[in-house]
Amino acid sequence: MKVLLIGSGGREDALAHALARSPRLTQLFAAPGNPGIAKVATCVALDVADHAAVVAFCRLMGVEFVVVGPEGPLVAGIVDDLAAAGIAAFGPSRLAARLEGSKGFTKDICAKYDIPTAAYGRFGDLASARAYLGRVGAPIVVKADGLAAGKGVTVAMTMEEAEAALADCFGGAFGTAGAEVVIEAFLDGEEASFFALCDGETALAFASAQDHKRVGDGDTGPNTGGMGAYSPAPVMTPEMSERVMAEIVRPTVKAMIAEGCPFTGVFFAGLMIGADGPQLIEYNTRFGDPETQVMLERLDGDLLDLLLATARGTLAEKTVTLSPDTALTVVMAANGYPGSVEKGSEIRGIEKAEALPGVTVFHAGTRADGGRILANGGRVLNVTARGASVTEAQARAYAGVAAIDWPQGFCRSDIGWRAVAREKDA
Ligand code: AMP
Ligand code: GLY
């Protein structure tokens, strides 16, 4: 089977390598891809915002299945347009992708179908948002309703921070994404990411992971797209995973059917595990980046087969088998990230890192220039390693980082710290 993968980040590099292991795959295309993906796929310069061009490419090349990595094309309805052309795709329809595209939509679904989440209000103007803020007080969380590349959320410990976040949203800092705002109660607990495939009716637990959203060591500094991750997340015991399936994921599957927009693709549930159990922070409707890089390192079995079953409605026949190993990834980013960065600096030593035991380096924001690899974005490389424990995976990943020669980049030095501390205590 010929497959087209849409995207160009570390997540897509990990997806490409996992898809390439499938005996069902005959040829993999990627649009636009990156130099890591190019090791296993033919990269094509397609404008993925032009759905007609994507359909025409699939017809021309005989592509039967499209795997969509990022949220943008999903929210723009690429899966609907492919379906209308008779081409199967992995990912939700435009209406089902509202679970990620509108935080207010998801909060309303939770309220209507009794899915545990923080108490909230939705506001379209500053005056009513400020009035609500005055009633509930800080700590409080202010969120731009729409897609804001992970930057539209402020966890405000004081009223001043909350007021400033509201002013940002309604002042246009996040464009139309901030025209509506969700204000929600601050949740206490430990965060985890939980992934489940869903074919419209059947949901199948996939894996858990823990991200590190803040840019600095010790979880300090501004939020980013994610500076590193490991899988599994120790808080997601088998019992907790089953609670999340029973209390959050399966009720959402039913809710989306009842709302007339059944969900197909992957639920990426951002969870807060507190004293009363799991609460939903948010849904994303695609694989996480960098969570995918670590989850797929642990997948034993055929990813293409699972994604096809998701699209075709046959997940009830499938199982997900994961290695008990831990996988951990360290994101190397260009100096300045998550602010503005300079592109074009040279990166050396990727092969040296990959020669180390258990280490894989995924490309997240690079471009090739002859034989050289140059930085081409904020998050640039994902140095990933497997180990029998988090401690071992962490040591291997940082050995990989040490082999890479890139003075214009940086990374956190403590990815996995919580789990490593737990292993020390055990
Ligand atoms: P989101 O983009 O909604 O996942 O939010 C980004 C980050 O903000 C989350 O990963 C949490 O660390 C934090 N956050 C979001 N909502 C809450 C909440 N209600 N209580 C505490 N922290 C939150
Ligand atoms: N790592 C968080 C995300 O993919 O949204």
Side-chain angles (χ1 to χ4, degrees), residues 9 11 69-76 92 94 97-110 117-130 132-133 136 138-187 191 193 211-216 219-227 267-272 279-291 331 333 336-341 377-379:
R11 163 184 52 209
E71 60 276 17
L74 297 170
V75 171
R94 185 177 62 80
R98 281 180 298 171
L99 281 177
E100 173 158 4
S102 167
K103 292 184 190 290
F105 172 81
T106 300
K107 297 298 285 189
D108 288 351
I109 291 277
C110 289
T117 190
Y120 73 106
R122 292 178 77 168
F123 305 95
D125 66 275
L126 183 60
S128 55
R130 289 184 73 182
Y132 181 82
L133 200 60
V136 294
I140 192 79
V141 184
V142 176
K143 303 185 173 186
D145 180 76
L147 294 182
K151 289 166 194 153
V153 174
T154 303
V155 179
M157 300 319 274
T158 64
M159 286 298 272
E160 291 70 33
E161 288 172 78
E163 292 272 0
L166 281 182
D168 275 352
C169 287
F170 289 116
F174 308 109
T176 52
E180 188 178 322
V181 165
V182 169
I183 301 181
E184 68 176 39
F186 175 77
L187 297 173
E191 269 189 83
S193 302
D211 192 7
H212 299 62
K213 287 218 165 80
R214 302 300 192 100
V215 73
D219 296 326
T220 55
N223 265 324
T224 68
M227 292 303 292
F267 286 115
F268 166 177
L271 302 171
M272 191 68 86
Q279 304 236 67
L280 182 71
I281 297 178
E282 64 161 359
Y283 272 127
N284 296 309
T285 61
R286 34 88 195 166
F287 279 112
D289 187 346
E291 291 91 335
V331 171
Y337 178 79
S340 60
V341 299
R379 293 190 293 172

### Message
Rounded to the nearest 0.5 Å, what separates atom CD in E180 from atom CZ in F170?
### Response
8.0 Å
### Summary
Nearest heavy-atom approach of E161 to A156 is CB-CB, 3.7 Å
### Task
Could you tell me which non-hydrogen atom of V215 sits nearest to which non-hydrogen atom of P338, and how far apart they are?
CG2-CD, 3.8 Å
### Message
Any heavy-atom pair between the side chains of R214 and N223 that's under 4.5 Å?
### Response
yes
### Message
So, taking the atom named OG1 in T106 and the one named OH in Y283, what distance separates them when rounded to the nearest 0.5 Å?
### Response
8.5 Å
### Message
Heavy-atom count check: over 12 atoms from other residues, nucleotides or ligands less than 6.0 Å from R94 CZ?
### Response
no
### Message
Let me confirm one number: the CD-CG distance from E282 to L99, rounded to the nearest 0.5 Å.
### Response
11.0 Å
### Heavy-atom side-chain contact between V75 and T285 under 4.5 Å
no
### Query
Is there a donor-acceptor pair under 3.5 Å between the side chain of R379 and the backbone N or O of V331?
no
### Query
Of the non-hydrogen atoms in G226 and D211, which two are nearest, and what is the gap between them?
CA-OD1, 3.4 Å
#### Entry: Heavy-atom side-chain proximity of K103 to V153 below 4.5 angstrom
yes
### Task
For D145 and G104, indicate whether the former's side chain and the latter's backbone hold a donor-acceptor pair under 3.5 Å.
yes
### Query
Looking at side-chain heavy atoms only, is the closest gap between I109 and R98 below 4.5 Å?
no
### Query
Are any of the side-chain heavy atoms of T154 and D168 separated by less than 4.5 Å?
no
### Message
Going by side-chain hydrogen bond (donor to acceptor under 3.5 Å, both in side chains), name the residues that satisfy it together with D108, two or more places apart in sequence or in a different chain.
### Response
Y120, R122
### Message
Could you measure the distance from the CE atom of M272 to the CG atom of L187? Nearest 0.5 Å is fine.
### Response
5.5 Å
### Message
Do E191 and K213 have side chains that approach each other closer than 4.5 Å (heavy atoms only, starting at C-beta)?
### Response
yes
### Query
Out of curiosity, H212 NE2 to M227 CE, how far, rounded to the nearest 0.5 Å?
10.5 Å
### Query
If you look at every heavy atom in S193 and E291, which pair is closest and at what distance?
OG-OE2, 3.4 Å
### Task
For residues L280 and A269, report the shortest heavy-atom separation together with the two atoms involved.
CD1-CB, 3.9 Å
### Message
On a heavy-atom basis, which atom in V141 and which in A185 lie closest, and how many Å separate them?
### Response
CG2-O, 4.3 Å
### Message
Could you measure the distance from the CD1 atom of I140 to the OH atom of Y132? Nearest 0.5 Å is fine.
### Response
6.0 Å
### Query
Is there a side-chain contact between E100 and F268, using heavy atoms and a 4.5 Å cut-off?
no
### Query
Does a side-chain heavy-atom distance below 4.5 Å link K107 with T117?
yes
### Task
Verify side chain to side chain contact (heavy atoms under 4.5 Å, CB included) between Q279 and I281, making sure each step is shown before the conclusion.
CA-CA 6 Å; Q279 304 236 67; I281 297 178; over 6 Å; no
